[in-house]
Colleague: 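Sharing a structure here in structure tokens format.
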Amino acid sequence: MFSRPNLYGNLTKICGNMRTTALVNPSSVTAAAASSPTPYSNANVRQYHEVVGDIVCPSQVRGIDHIRDPRLNKGLAFTLEERQILGIHGLQPARFKTMEEQLELCKIAVNRYMEPLNKYLYLADLADRNEHLYFRFLYDNIEDLMPIVYTPTVGLACQRFGLIYRRPRGLFITVNDRGHVFDILRNWPEPDVRAICVTDGERILGLGDLGANGMGIPVGKLALYTALAGIKPHQCLPVLIDVGTNSYDLLEDPLYVGLRQKRVIGKEYDDFIDEFMEAVVKRYGQNTLIQFEDFGNQNAFRFLDKFRNTYCTFNDDIQGTAAVAVAGLYASKRITNRNFADSTFVFAGAGEAAIGIASLCVKAMVDEGVDEKTALSKIWMVDIDGLLTTTRKKGTISTHQTKFAKDVEPLDKLEDIVTKYKPNVLIGASAAAGIFTPKILQTMAANNERPIVFALSNPTSKAECTAEQAYQNTDGRVVFSSGSPFPPVTINNKTFTPGQGNNAYIFPGVALGVIATGTHHIPEDMFLISAKELANFVEQSDLDRGSLYPPLKSIHEVSMRIACAITSYAYKEGLASTYPEPECKREWLKEQLYNFNYESSMPVTWAWPRMPYFKTRKDSPLLSSMK
Ligand SMILES: NC(=O)C1=CN([C@@H]2O[C@H](COP(=O)(O)OP(=O)(O)OC[C@H]3O[C@@H](n4cnc5c(N)ncnc54)[C@H](O)[C@@H]3O)[C@@H](O)[C@H]2O)C=CC1
Ligand SMILES: CC(=O)C(=O)O
Ligand SMILES: [Mg+2]
């Protein structure tokens with residue numbers, strides 16, 4: 001009954017006319033591959049389908065392969081019946097464990113490691129071994145584990161990528177694959193991808209050009225898609241576009257795993273990105289969400305402008321960051337009683353993150369009823385060359401920066417700019433560690449009862465100041481947040497636990513709403529909506545403990561609220577393509593989420609003769625009886 005050839009073909013019978021994926025007989029695949037004209041040809045081989053969307057499909061994988069497959073493996077949580085039916089009885093010790101017992105073990109195991117990178121490796125290994133346990137572990141312990149799978153540790157993991165690389169997670173598409181990007185996408189074993197996070201590794205956090213080592217970022221971001229928003233892992237694809245690196249150190253590093261060449265630029269690069277975008281749509285459909293992450297400054301803005309109305313895409317560093325920072329500023333209004341338009345802003349940094357935030361601040365001011373010119377006049381931007389002024393030489397100011405340039409005397413030093421323009425809000429997104437000097441922080445405190453200071457650069461080592469420095473130099477009056485987490489600070493007998501101004505509060509919820517509704521474009525409004533939704537969720541108790549954001553332990557609820565708001569907006573504005581419009585958005589979204597508990601491993605084909613009528617997960621007596 002379990003011989004593989006007999007099982008191919010059953011799937012369509014069970015799934016009827018519902019959304020599914022055809023299984024291909026391996027023998028025909030081999031024949032197709034043998035006759036294929038290029039080494040890129042591939043067939044869509046799926047060895048198993050337990051649950052695809054809401055459809056129950058027969059398992060194809062038995063024996064040791066079932067345990068070796070991280071998506072199917074449950075470790076010692078397989079029941080005796082499952083062990084026998086799957087032919088894995090005897091391949092594991094006799095003990096049965098519940099998922100809760102396994103989670104306890106994970107906690108003990110991860111806590112045994114002192115070094116964050118070793119914890120990262122433990123978690124990567126867990127993901128490769130038992131995907132359900134990995135995501136449930138992340139979900140349950142997000143406060144402790146987010147600094148490991150995400151900033152700051154993910155930065156270190158990227159820097160050490162050549163050393164720690166073990167198993168493939170995501171697709172590496174190199175510029176040598178030009179003309180074959182679609183074929184590479186077909187090599188990815190999951191047919192139902194709804195979201196891609198892509199980087200070319202040129203600006204990884206504040207660490208600069210890490211080339212192919214940047215793969216840790218899309219992997220980490222998409223782990224948060226699942227852990228924070230419940231998006232199913234098989235729907236997420238991390239992609240690293242490898243066009244080389246301009247890092248001399250990496251080119252010389254024997255452990256470097258990417259193309260050993262300088263970055264391809266110009267038309268060749270642009271054509272390659274165009275091919276990638278077209279191939280994604282051809283392979284996975286036009287509503288596939290493409291999140292651009294950690295591209296170099298010029299390319300990030302160019303691609304956002306180029307693709308935002310022709311693909312379902314957003315740039316997380318520009319738009320996601322804008323939303324989280326503006327959410328923090330909305331929340332801070334409850335402390336300062338000052339509107340956006342009544343504030344003066346200085347940005348240290350005038351790149352993706354800073355321009356993104358400044359632009360959304362302008363939108364927020366216009367929303368308050370102020371005209372755009374007045375809104376722009378409130379914002380002073382400083383980059384590596386000093387204040388953005390209208391007298392800047394051509395080539396030292398980009399089109400996105402121009403509207404923020406002021407018709408004033410040039411000033412180079414941040415300290416002088418803060419002294420002269422007396423901002424109420426100082427935002428750092430420069431990747432220049434420590435530029436918020438004690439003197440600057442003291443000036444902020446001298447000019448404001450409650451100065452607002454955001455040190456958003458990542459990882460921790462690149463922050464413009466530490467939380468401790470911010471509180472100490474402002475007599476504990478600062479309203480502070482940072483891109484990477486800092487431990488609590490006690491000053492004047494009061495302990496502050498600053499929140500994390502990180503786009504992780506935004507992108508998972510936006511992605512869930514966009515994917516669920518089949519939204520085809522992502523307008524800027526969605527980020528202002530997300531910012532407001534996040535700010536509305538901040539409680540007085542959060543503000544009292546020094547945070548402009550809800551605690552990380554409620555970030556799942558934040559993602560759900562943002563997704564609901566995005567869903568409502570998408571239907572209202574005619575952007576959604578999933579019909580009919582659900583009445584209760586929240587319930588509808590919840591039905592689509594990943595099940596963080598184990599699914600039954602009983603092959604449906606085995607039980608089928610006894611229960612022939614179920615087609616969907618909800619109908620299945622097998623699955624509905626599960627935890
Ligand atoms: N907290 C969050 O959610 C996010 C944080 N970031 C962080 O923000 C930082 C910057 O990222 P991007 O804006 O994408 O980079 P970018 O390269 O686009 O911009 C960096 C900007 O900082 C300026 N700069 C460099 N040194 C400076 C100095 N000493 N003084 C003033 N300005 C200086 C540069 O001229 C440039 O305008 C990174 O560390 C990144 O990790 C980025 C996205 C999200
Ligand atoms: C958080 C993030 O996206 C960055 O630092 O680039
Ligand atoms: Mg980023």
Side-chain angles (χ1 to χ4, degrees), residues 146-147 150-152 154-155 158 197-210 214 216-218 220-221 224 291-302 304 314-328 346-359 380-388 392 396-398 400-401 404 411-418 426-437 440 454-464 481-486 498-508 527 534 548-549:
M146 208 160 108
Y150 194 57
T151 184
V154 72
C158 289
C197 181
V198 59
T199 186
D200 72 351
E202 190 172 0
R203 196 285 277 143
I204 292 298
L205 306 178
L207 301 168
D209 184 351
L210 296 188
I217 291 296
K221 292 271 175 184
L224 298 191
Q291 172 173 333
F292 276 74
E293 193 68 49
D294 290 10
F295 277 70
N297 180 295
Q298 295 295 324
N299 294 327
F301 283 108
R302 265 179 346 103
L304 180 59
F314 71 100
N315 184 298
D316 185 38
D317 300 298
I318 301 171
Q319 298 170 288
T321 314
V324 78
V326 167
V346 166
F347 285 83
E352 297 168 49
I355 293 281
I357 301 166
S359 304
W380 301 81
M381 304 211 71
V382 185
D383 72 359
I384 185 107
D385 298 318
L387 191 64
L388 291 192
R392 278 266 181 113
T396 65
I397 186 159
S398 72
H400 292 93
Q401 293 171 329
F404 294 103
L411 261 185
D412 289 348
K413 286 179 70 185
L414 185 61
E415 210 169 286
D416 297 341
I417 293 161
V418 169
L426 177 63
I427 296 182
S430 61
I435 58 168
F436 292 172
T437 57
I440 288 176
F454 291 177
L456 298 182
S457 291
N458 298 315
T460 320
S461 59
K462 299 290 178 185
E464 286 76 9
S481 83
S482 56
S484 297
F486 279 107
Q500 204 176 333
N502 194 294
N503 49 33
Y505 274 105
I506 302 293
F507 68 78
F527 294 95
L534 172 54
L548 294 173
Y549 299 100

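Excluded from the calculations below are hydrogen atoms, water molecules and symmetry mates; all remaining heavy atoms, backbone and side chain alike, are included. Predicted, not measured: the structure shown is a model, and the values here were computed from it. Both ligands and their constituent atoms are indexed starting at 1 by order of listing.
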Colleague: Determine whether the side chain, the backbone, both or neither of Thr321 has a heavy atom under 4.0 Å from any heavy atom of ligand 2.
Modeller: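 Contact part for Thr321 vs ligand 2: neither.
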Colleague: Quick one: pull up CG in Asp200 and CG in Asp294 and give me the separation to the nearest 0.5 Å.
Modeller: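 Asp200 CG to Asp294 CG: 9.5 Å, rounded to 0.5 Å.
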Colleague: Run the numbers for me: atoms of ligand 1, each under 4.0 Å from some heavy atom of Gly206, listed by number.
Modeller: 38 (C), 39 (O), 41 (O)
Colleague: Considering heavy atoms of the protein only, find what lies nearest to atom 33 (C) of ligand 1 and give residue, atom and distance to 0.1 Å.
Modeller: Ile384 N, 3.5 Å
Colleague: Which pair of non-hydrogen atoms, one from Ala322 and one from Gly356, has the smallest distance, and what is that distance?
Modeller: CB-O, 3.2 Å
Colleague: What protein heavy atom lies closest to atom 19 (O) of ligand 1? Include the residue and the distance to one decimal.
Modeller: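 Protein heavy atom at minimum distance: Gly351 CA, 3.3 Å.
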Colleague: To check your reading of the model: name the closest protein heavy atom to atom 12 (P) of ligand 1, its residue, and the distance in Å.
Modeller: Arg203 NE, 3.6 Å
Colleague: For Tyr150 and Asn502, work out which heavy atoms get closest and say how close.
Modeller: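 That closest heavy-atom pairing would be OH-OD1, 2.7 Å.
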Colleague: Looking at non-hydrogen atoms alone, which of Asn458, Leu387, Thr151 comes nearest to atom 39 (O) of ligand 1?
Modeller: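 It is Asn458 whose heavy atom sits nearest to atom 39 (O) of ligand 1.
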Colleague: Output the list of atoms in ligand 2 that are nearer than 4.0 Å to some heavy atom of Tyr150, sorted by atom number.
Modeller: 1 (C)
Colleague: Nearest protein heavy atom to atom 25 (C) of ligand 1, by residue and atom, and its distance?
Modeller: Ser430 O, 3.5 Å
Colleague: Using a 4.0 Å cut-off to any heavy atom of Asp317, which atoms of ligand 1 qualify?
Modeller: 43 (C)
Colleague: Is it the case that the side chain of Thr437 and the backbone of Ile440 share a donor-acceptor pair, with hydrogens and angles ignored and the cut-off at 3.5 Å?
Modeller: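 Flag set: sc Thr437 to bb Ile440 pair under 3.5 Å.
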Colleague: State whether Asp383 and Arg392 are salt-bridged, where the test is any N-O pair (Lys NZ or Arg NE/NH1/NH2 against Asp/Glu carboxylate O) under 4.0 Å.
Modeller: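 A salt bridge links Asp383 with Arg392.
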Colleague: Heavy-atom pairs closer than 4.0 Å: do any link ligand 1 to the side chain of Lys462, the backbone, both, or neither?
Modeller: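 Lys462 to ligand 1: no contact under 4.0 Å from either part.
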Colleague: Hey, looking at atom 30 (N) of ligand 1, which of Ile435, Ile355, Ile506 has the closest heavy atom?
Modeller: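 Among Ile435, Ile355, Ile506, the closest heavy atom to atom 30 (N) of ligand 1 belongs to Ile435.
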Colleague: What about Arg203: any of its N or O atoms under 3.5 Å from an N or O on ligand 2?
Modeller: yes
Colleague: So which N/O/S atom does Asp294 have closest to the Mg ion (ligand 3)?
Modeller: OD1
Colleague: Tell me the protein heavy atom at minimum distance from atom 3 (O) of ligand 1, and give that distance in Å.
Modeller: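 Nearest neighbour among protein heavy atoms for atom 3 (O) of ligand 1, to 0.1 Å: Asn503 N, 2.9 Å.
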Colleague: What is the minimum heavy-atom distance between Thr151 and Gly483, and which atoms define it?
Modeller: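 Answer, listing the atom of Thr151 first, then Gly483: CG2-O, 3.9 Å.
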Colleague: Do Pro152 and Pro485 touch side chain to side chain, with heavy atoms closer than 4.5 Å?
Modeller: yes
Colleague: For atom 16 (P) of ligand 1, what is the nearest protein heavy atom, given as residue, atom name and distance?
Modeller: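 Here the nearest protein heavy atom works out to Asn297 ND2, 3.8 Å.
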Colleague: Answer yes or no: is there an ion pair linking Lys221 with Asp316, defined by an N-O contact shorter than 4.0 Å?
Modeller: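 Yes, Lys221 and Asp316 are salt-bridged.
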Colleague: Please write down residue, atom name and distance for the protein heavy atom closest to atom 8 (O) of ligand 1.
Modeller: Ser457 OG, 3.8 Å
Colleague: When you measure from atom 23 (C) of ligand 1 to each heavy atom in Ala431, Gly349, Gly296, Ala353, which option holds the nearest one?
Modeller: Gly349
Colleague: Work out which heavy atom in Ile357 is nearest to a heavy atom in Thr321; give both atom names and the distance.
Modeller: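 Closest heavy-atom pair between Ile357 and Thr321: CG1-O, 4.0 Å.
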Colleague: Nearest heavy atom to atom 6 (O) of ligand 2 wins, so pick from Asp294, Leu456, Val154.
Modeller: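 Closest candidate by heavy-atom distance is Asp294.
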Colleague: Suppose we measure from atom 32 (N) of ligand 1 to each protein heavy atom; which comes out shortest, and what is that distance?
Modeller: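 Here the closest protein heavy atom is Asp383 C, 3.3 Å.
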Colleague: Without hydrogens or angle criteria, can the side chains of Glu464 and Ser457 be said to hold a donor-acceptor pair below 3.5 Å?
Modeller: yes
Colleague: Given Gly501, Gly434, Ala429, which one has a non-hydrogen atom that is nearest to atom 20 (C) of ligand 1?
Modeller: Ala429
Colleague: Return the closest protein heavy atom for atom 1 (C) of ligand 2 as residue, atom name and distance.
Modeller: Asn458 ND2, 3.3 Å
Colleague: Is any N or O atom of Leu456, backbone or side chain, closer than 3.5 Å to an N or O atom of ligand 1?
Modeller: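 Such a contact does occur with ligand 1.
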Colleague: Indicate, as side chain, backbone, both or neither, the part of Thr151 found under 4.0 angstrom from ligand 2 when only non-hydrogen atoms are considered.
Modeller: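 Neither; nothing of Thr151 gets under 4.0 Å from ligand 2.
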Colleague: As an exercise, state the distance from OG of Ser430 to CD1 of Ile435, rounded to the nearest 0.5 Å.
Modeller: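 Spacing of OG (Ser430) from CD1 (Ile435) equals 3.5 Å.
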Colleague: Closer than 4.0 Å to some heavy atom of Gly483 - which atoms of ligand 1 meet that?
Modeller: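 Selected atoms, number and element: 1 (N).
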Colleague: Out of all atoms in ligand 2, which are within 4.0 Å of some heavy atom of Asp317? Include the element for each.
Modeller: 2 (C), 3 (O), 4 (C), 6 (O)
Colleague: Which heavy atom of Asp317 sits nearest a heavy atom of Phe292, and at what distance?
Modeller: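 Looking at all heavy atoms of both residues, the closest pair is OD2-O, 4.3 Å.
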Colleague: Counting backbone and side-chain atoms alike, is an N, O or S atom of Asp316 positioned under 2.8 Å from the Mg ion (ligand 3)?
Modeller: no
Colleague: Tell me the closest heavy-atom pair linking Gly214 and Thr199, and the distance in Å.
Modeller: O-CG2, 3.9 Å
Colleague: Atom CG in Leu210, atom CG in Leu205: separation rounded to 0.5 Å?
Modeller: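 One finds 8.0 Å between CG of Leu210 and CG of Leu205.
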Colleague: Is it the case that ligand 1 has an N or O less than 3.5 angstrom from some N or O of Ala350?
Modeller: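 Right, the criterion is met.
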Colleague: Quick one: pull up CD1 in Ile397 and CG in Leu388 and give me the separation to the nearest 0.5 Å.
Modeller: 4.5 Å
Colleague: Judged by modelled atom types alone, do Asp385 and Thr396 share a side-chain donor-acceptor pair under 3.5 Å?
Modeller: no
Colleague: Examine the proximity of ligand 1 to Ala432 and report which part, side chain or backbone, both or neither, has a heavy atom under 4.0 Å away.
Modeller: side chain
Colleague: Under a 4.0 angstrom heavy-atom cut-off, which atoms of ligand 2 come close to Lys221?
Modeller: 1 (C), 2 (C), 3 (O)
Colleague: Compute the ring centroids of Phe527 and Phe314, then answer whether they are less than 6.0 Å apart.
Modeller: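 Under 6.0 Å, so yes.
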Colleague: Could you tell me the angle subtended at the Mg ion (ligand 3) by OD1 of Asp317 and OE2 of Glu293, rounded to 10°?
Modeller: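 It comes to 100°.
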